[in-house]
Structure formats: structure tokens, C-alpha cells
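Worksheet for the structure shown next.
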Amino acid sequence: RLGLRCIQTKANDAQIYDKSLGVFDRILCDVVCSGYGVIRRKPEIRYKDPAEGVALPQTQLAILTTSARYLAPGGRLVYSTCTLNPAENEGVVNAFLREHRELALCGEPVTCLPEQTAGMGFSMPCWKSGRDKNKFTVKGAAPMEKIDISSMTLPQLTEWVTGTLGEPKFRAGQIYRWIHQKRVGSFAEMTNLSTALRQKLEERAFLTVLTTRRRLESKLDETVKLLLELPDQNCVEAVLMRYEHGLSLCISTQVGCRMGCKFCASTLGGLVRSLTPAEMLGEVYEAERQAGEPISSLVLMGIGEPLDNYRNVLDFLTILSSPEGRNLSLRHVSLSTCGLCDRIDELAELGLGLTLSISLHAADDETRSGIMPVNKQYNIARLMQSCKNYFAKTGRRISYEYALIAGVNDSPAHAEALARLLGGQNCHVNLIPVNPVAERGTKRPDKGAVQRFAARLGALGLNATVRRELGSDI
């Protein structure tokens with residue numbers, strides 16, 4: 001239409017990363033949008049279904065997040081919409097910035113409808129490489145004058161303290177230990193810092209602290225379920241479980257989830273947003289405060305898909321295992337994923353020593369695609385390739401989670417298919433009778449069927465156990 005001859009086109013799902021495309025210095029991310037308040041003369045192309053319109057910001061954020069993965073160091077990314085809906089403009093921009101602290105907003109967004117209210121219309125914020133975003137403002141949103149330093153790794157904090165605040169390097173270590181070892185909730189409590197420095201911190205930074213909104217204790221065992229409130233009043237769950245080896249904690253990595261697994265309650269409302277590193281650390285710190293003792297192991301198996309919040313999870317793990325921070329060995333951490341293979345491959349290269357738990361739940365593509373939409377992108381063959389690569393790179397045995405759903409994946413034939421698929425791997429199968437979810441219509445098999453399934457796997461040479469149920473009354 002424009003007469004350009006230097007364009008190559010490629011049809012693809014913009015929410016899915018294609019590694020073969022490489023990286024780019026300039027990216028225009030022009031997302032699908034509602035056209036609300038802009039396309040007044042073409043009502044036939046506006047969204048008719050309100051539910052679709054409500055879901056759009058999450059789709060836009062997913063496309064923008066994927067686009068950022070193609071950005072070369074020093075490159076620029078422009079995000080563009082054609083709508084007056086703030087949720088699709090500054091809402092998406094702010095959510096993106098929270099998750100991508102390695103990018104910096106360069107200048108003010110461009111609004112191509114000058115007669116409209118500032119910050120509305122064609123929203124085109126642009127990012128470049130860098131971390132210090134607190135200098136920039138998103139038009140139509142509150143000035144981003146403060147930065148969450150409790151989400152920073154020690155090198156990131158050191159760079160900010162020396163560069164932005166102009167303070168000596170050792171001050172970063174002091175601040176870091178106040179946050180992650182002494183776990184203060186305010187800068188005023190950092191008593192070995194000067195009054196002037198504490199004032200600078202108050203003006204330019206903030207600390208993330210989680211609070212317990214509700215605590216449930218099991219009468220059957222020592223399991224404790226915590227409903228934790230985030231700074232924006234969203235809530236996530238964390239669960240404390242007592243084992244012979246000590247206290248284990250299961251935490252969430254997102255508010256909601258967009259993976260859409262048919263047996264999981266967490267996906268019913270879709271993805272609201274991902275947690276910051278500080279919020280995940282806050283789950284650990286508040287749970288330990290509630291328990292009155294440190295945890296000995298951690299599982300990222302609560303609400304959300306950890307590898308869909310990859311960069312924040314990596315920063316969280318870095319702080320968690322830092323000798324100057326929580327100092328928990330990553331060999332005591334398990335990360336559960338539905339199978340985002342590209343991220344599993346990246347994780348393998350890092351050699352962190354994590355235990356990888358794969359939510360498998362079926363041994364054939366037809367069954368797995370029916371209950372786990374992710375399998376349509378990363379099928380079982382591709383997933384097995386990534387799992388074998390992870391073991392080869394790290395030497396860490398993989399745990400396969402298998403939720404038994406009555407009439408779906410619990411037959412002797414399913415057990416035999418699972419044994420064939422995993423035979424020869426250094427792995428463990430964790431059988432989980434599914435928790436019924438009213439909205440999903442799933443049912444758990446009876447105890448006899450579960451035991452027969454486990455026995456069949458054992459007879460076929462597969463290491464499998466039925467997960468011990470804890471806190472079933474809460």
C-alpha cells in the first residue's frame with residue numbers, strides 16, 4: 001500500500017517468541033486494540049463483546065513483552081495503540097515497565113490527537129536500554145519518581161546507589177542487608193545511614209512489604225495457608241508445609257495465570273499481572289515471620305507460571321541465594337513450569353542448580369493439548385528435548401508432575417504411555433489426584449485407581465509416588 005520494496009513479512013503469533021528472527025535495533029509494536037473513542041465512524045470494526053475488550057490489555061502486554069525479547073542492546077522499541085482507553089495505553093505501559101527494569105522510557109509518549117486529553121489517543125511510548133526509569137514520566141499517569149530498590153540485585157543496587165545517588169559503593173551493601181537480612185519496612189530504620197542519605201532514599205525509592213490478610217491453619221497437620229496482600233491490594237497465596245526435613249514454602253509468581261490449563265483454578269480469571277522480585281521475596285519474608293522460623297526449602301508452584309515471569313523470577317532467585325541476602329541455596333528450590341521450552345533451555349544454560357518440575361499431566365499430544373493449551377505451541381517431543389537438555393547441562397534430576405483426572409488420563413493405557421515416554425530418564429513422577437474445581441468439571445479418581453496407576457508405573461520401572469496431601473481441610 002505504501003509502495004515500499006524493502007519489507008519482508010512473516011505471519012506469526014505475536015505473543016510467541018520466535019528465536020530464529022534474531023534481534024533488531026528498531027521495533028514498532030503496533031498492537032491490536034479496541035479503537036475506543038477513536039474509530040467513531042467505523043462502528044463495524046469496533047469490539048462488540050465487552051469481555052474481549054476487557055481482556056485486550058493482557059493481550060497487548062503479552063505482545064509488547066514478546067517484542068522486547070527481539071530488542072538488541074541499545075535498540076529502541078515503540079509501542080503503538082489507536083484507542084482512548086487508559087487501560088490499553090498507560091496501563092499497559094506501566095505494567096510493562098514494572099516487569100522490564102532493564103529498559104528505560106526515552107522521552108514523553110506521542111499523542112497524535114492533540115485535541116484530546118493528554119495521555120489519550122495514539123499512545124507511542126519508546127524505550128531504550130538502561131535501568132534508571134525514575135527520570136521519565138508516562139503522560140496521563142503519575143510521575144514515576146520512585147523506584148523499588150527491594151527488587152534490585154546487589155549489582156543493580158550498587159549501580160543505582162553510586163550512579164543516581166552519588167554515594168560510595170559500600171552504602172549499597174548496607175542498604176541491601178537492611179532490606180534482605182534485617183528486613184526493615186522503612187528507610188528510617190536503617191540507622192547506620194546518615195540522615196541525608198535516608199532522606200534521599202525516601203525521595204527517590206520505596207520498599208515493598210507484604211501483609212497477611214488471612215491465615216488458615218489445618219487441623220489435620222501443621223499446614224498454614226496465607227492470603228498475602230500486595231501493595232496494589234491484589235492478593236496471592238503462599239502455603240507453609242511441615243516435612244521431616246523442615247519447613248517448606250510454596251509461593252506464587254503471578255496474580256492469576258494466562259496458561260489456561262483446564263484443571264487449574266488459577267487460570268479462571270486470566271493473568272492480572274506478574275509479581276516483582278520484591279513481591280516474591282515478600283512472600284518468603286512474611287511467611288517466615290508468620291512461622292517464627294526460617295524455611296528450609298522453597299517451591300515456585302503457587303499461582304502463575306514462573307517462566308512467564310522469567311526475568312523477575314531470575315532476579316528473585318539471585319537475591320534469594322545471595323550471601324548478602326536471604327542466602328538460601330538454590331539446590332533447595334524447585335521451579336514448576338507447564339513447559340515453556342525456550343525458557344527451560346535458557347535456564348539450563350545458567351546452571352543455577354534448581355530442581356525443575358514439569359507439569360506434564362499426559363503422555364500423548366492429543367490428551368495434553370486438550371487440557372494444556374501450551375502443548376499446541378510446545379508439544380511433548382519438544383518438551384522432552386528441553387528436559388533432556390536440562391539434565392545434560394545441570395545434572396539435576398527432573399520431577400514430572402502428573403495430575404490424575406478421572407476419565408481423562410488415569411487409565412492403565414495412560415500409565416503405560418507415560419512409562420514409555422519417560423523410560424530411561426533420570427526422573428521422578430509425582431502423582432497428584434486432581435483437586436476438583438467446580439468451574440472446570442474435573443473429578444479425581446478414587447484411591448484404588450490412583451494406587452493402581454502408581455503400581456503400574458512401578459512395575460514398568462518408573463520411579464513414581466503419590467503426593468502426600470497436606471492441609472486438605474483448608
[X]: salt bridge (charged side-chain N to carboxylate O under 4.0 Å, His left out) partners, not counting sequence neighbours:
| X | result |
| --- | --- |
| Glu286 | Arg289 |
| Arg382 | Asp342, Asp345 |
| Glu288 | Arg183, Arg326 |

Using atom types as modelled and distance alone, determine if a side-chain donor or acceptor of Glu283 lies under 3.5 Å from a backbone N or O of Ser252.
yes
Output all residues satisfying side chain to side chain donor-acceptor pair (under 3.5 Å) with Thr253, sequence neighbours left out; order by chain, then residue number.
none
Looking at every non-hydrogen atom in both residues, tell me the closest pair between Pro433 and Val450 and how far apart they are.
CG-CG2, 4.1 Å
Is there a ring pair (Phe, Tyr, Trp, His ring centres under 6.0 Å) between Phe96 and Tyr79? Walk through the geometry before answering.
CA-CA 11 Å; Phe96 177 78; Tyr79 169 72; 8.1 Å; no
Crowded around Arg69 CZ? As in, over 12 foreign heavy atoms under 6.0 Å?
yes
Which residue pairs pass the ring pair (Phe, Tyr, Trp, His ring centres under 6.0 Å) test when at least one of the two sits in residues 393-452, sequence neighbours left out?
Tyr402-Phe453
Is it true that Glu401 and Asn430 share a donor-acceptor pair across their side chains at a distance under 3.5 Å?
yes
Could you walk me through whether Asp25 and Arg76 pass side chain to side chain contact (heavy atoms under 4.5 Å, CB included), step by step?
CA-CA 6 Å; Asp25 294 320; Arg76 298 201 176 207; over 6 Å; no
For residues 252-279, which residue pairs qualify under salt bridge (Lys or Arg N to Asp or Glu O under 4.0 Å), counting only residues two or more places apart or in two chains?
Asp232-Arg273, Arg258-Asp308, Arg273-Glu279
Phe263 vs His361 aromatic rings, parallel, tilted or perpendicular, using cut-offs 30° and 60°?
perpendicular
Output, in order, the C-alpha distance, side-chain angles, deciding distance and verdict of side-chain hydrogen bond (donor to acceptor under 3.5 Å, both in side chains) for Asn312 and Ser274.
CA-CA 8 Å; Asn312 283 348; Ser274 292; 5.8 Å; no
Can you find a heavy atom in the side chain of [X] that is under 4.5 Å from one in the side chain of [Y]?
| X | Y | result |
| --- | --- | --- |
| Leu335 | Val313 | yes |
| Arg396 | Arg331 | yes |
| Asp18 | Thr66 | no |

Basic-acidic side-chain contact under 4.0 Å: Glu324, Arg177:
no
Cationic N near anionic O, under 4.0 Å, Glu366 to Arg368:
no
Residue among Leu354, Leu249, Val333, Leu307 satisfying side-chain contact (heavy atoms from CB on, under 4.5 Å) with Leu300
Val333
